[in-house]
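Just so it is clear: chains get the letters A, B, ... in the order the sequence lines come, proteins before strands, and each one is counted from 1.
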Amino acid sequence: DAKTTQPPSMDCAEGRAANLPCNHSTISGNEYVYWYRQIHSQGPQYIIHGLKNNETNEMASLIITEDRKSSTLILPHATLRDTAVYYCIVRGQGFQKLVFGTGTRLLVSP
Amino acid sequence: GAVVSQHPSWVICKSGTSVKIECRSLDFQATTMFWYRQFPKQSLMLMATSNEGSKATYEQGVEKDKFLINHASLTLSTLTVTSAHPEDSSFYICSAHDPGPRGNQPQHFGDGTRLSIL
């Protein structure tokens, strides 16, 4: 699986958009980009995933660059409850394992 | 949405005892489940892949005789930490793969089990 690179930490004001970047320059054609987050002392929570098109759901939007070498997770209106570690993971199809990197620790402040 | 239940949520036991952790997929059948371990301030580390009806696949450096995995049904996988010692104290998390109609469905995680060995 391709390796991902994320900034170790980011800050965001409550109510503002949080844009979390991820680099995955070695991604291959059949690999998807997945985003999970982990709130303290809980299991990871699935957020969104995509292959090459931008995706949006009730939690977030995922923007993937045309060359697929990077992506951005957007939380449009961050709340204090969005404070968590966000993991960007690249994975192929099928029942393949998820390999977690160090993620981005997002702190949403009032 | 897909739900994975993990039990117990926390356990404290004496050194030398064995501890069993259960992972259940509540509203889907999971032929594949995964077990992770997470130490404080670190990321999740995959321990093993649990396959229904067959032997688990362990990651390098994980002792299969120490961490016994059983996946006897499509909705239940168990992890048994045998002869646990204080260094086995950690946060253990399972995940299950919802097969769905396509091969890119996400994994869903349990809420984890915090294991403390005295």
Side-chain angles (χ1 to χ4, degrees), chain A residues 1-9 22 27-53 55 57-60 62 64 68 73 84-107, chain B residues 1-7 9-10 21 23 28-52 54 56-60 62 71 74 90-114:
Chain A
D1 294 323
K3 180 179 171 57
T4 63
T5 304
Q6 299 176 253
S9 63
C22 179
I27 191 171
S28 60
N30 64 348
E31 289 183 316
Y32 288 75
V33 180
Y34 288 81
W35 283 84
Y36 285 80
R37 72 181 182 184
Q38 186 178 26
I39 297 171
H40 183 62
S41 296
Q42 297 182 22
Q45 177 189 23
Y46 166 75
I47 302 173
I48 198 167
H49 74 283
L51 182 62
K52 55 183 178 180
N53 297 323
E55 302 286 345
N57 62 21
E58 65 278 4
M59 291 184 68
L62 174 60
I64 303 174
R68 302 186 69 238
L73 178 74
V85 178
Y86 287 77
Y87 296 98
C88 167
I89 302 170
V90 171
R91 196 201 79 177
Q93 288 191 354
F95 304 137
Q96 297 187 32
K97 58 190 178 185
L98 292 173
V99 177
F100 284 78
T102 54
T104 295
R105 185 172 298 277
L106 175 69
L107 176 63
Chain B
V3 177
V4 174
S5 174
Q6 198 170 332
H7 178 80
S9 55
W10 61 274
I21 302 170
C23 180
F28 63 96
Q29 294 183 329
T31 56
T32 304
M33 292 184 175
F34 302 89
W35 287 96
Y36 295 82
R37 181 168 53 181
Q38 185 175 33
F39 292 108
K41 300 189 184 301
Q42 295 186 19
S43 187
L44 283 77
M45 183 190 76
L46 180 67
M47 299 176 66
T49 302
S50 173
N51 304 297
E52 187 269 334
S54 64
T57 304
Y58 290 83
E59 295 299 303
Q60 189 173 10
V62 178
H71 193 158
L74 287 171
S90 188
F91 191 48
Y92 292 85
I93 309 167
C94 73
S95 72
H97 198 123
D98 180 0
R102 297 172 293 177
N104 62 344
Q105 296 299 306
Q107 290 180 28
H108 297 278
F109 288 80
D111 281 336
T113 296
R114 191 161 301 282

inquiry  = When you measure from the side chain of A:Y36 to the backbone of B:Q107, do you find a donor-acceptor pair of N or O atoms at a distance under 3.5 Å?
reply    =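 Here the side-chain-to-backbone pair exists.
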Inset, instruction - Let me know if B:Q38 has heavy atoms under 4.5 Å from chain A in its side chain, its backbone, both or neither. - result: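 Just its side chain gets close to chain A.
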Review point. At a heavy-atom separation under 4.5 Å, does B:L46 approach chain A through its side chain, its backbone, both, or neither?
Key: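 It is the side chain, since no backbone atom gets that close.
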>> Tell me the closest heavy-atom pair linking A:Y34 and B:P106, and the distance in Å.
In response: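 Nearest heavy atoms, A:Y34 then B:P106: CE2-CA, 3.9 Å.
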If you compare all heavy atoms of B:L44 against all heavy atoms of A:F100, which two are closest, and at what distance to 0.1 Å?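 The pair with the smallest heavy-atom distance is O-CB, 3.8 Å.
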At a 4.5 Å cut-off on heavy atoms, which part of A:Q45 comes close to chain B: side chain, backbone, both, or neither?
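A:Q45 has no heavy atom closer than 4.5 Å to chain B.
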Side chain to side chain, [X] and [Y], heavy atoms closer than 4.5 Å:
X	Y	result
A:P44	B:Y36	no
A:S41	B:R114	yes
A:L98	B:F109	yes

Exercise. Rounded to the nearest 0.5 Å, how far apart are CD of A:Q38 and CD1 of B:I93?
Worked result: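 So the gap between those two atoms works out to 5.0 Å.
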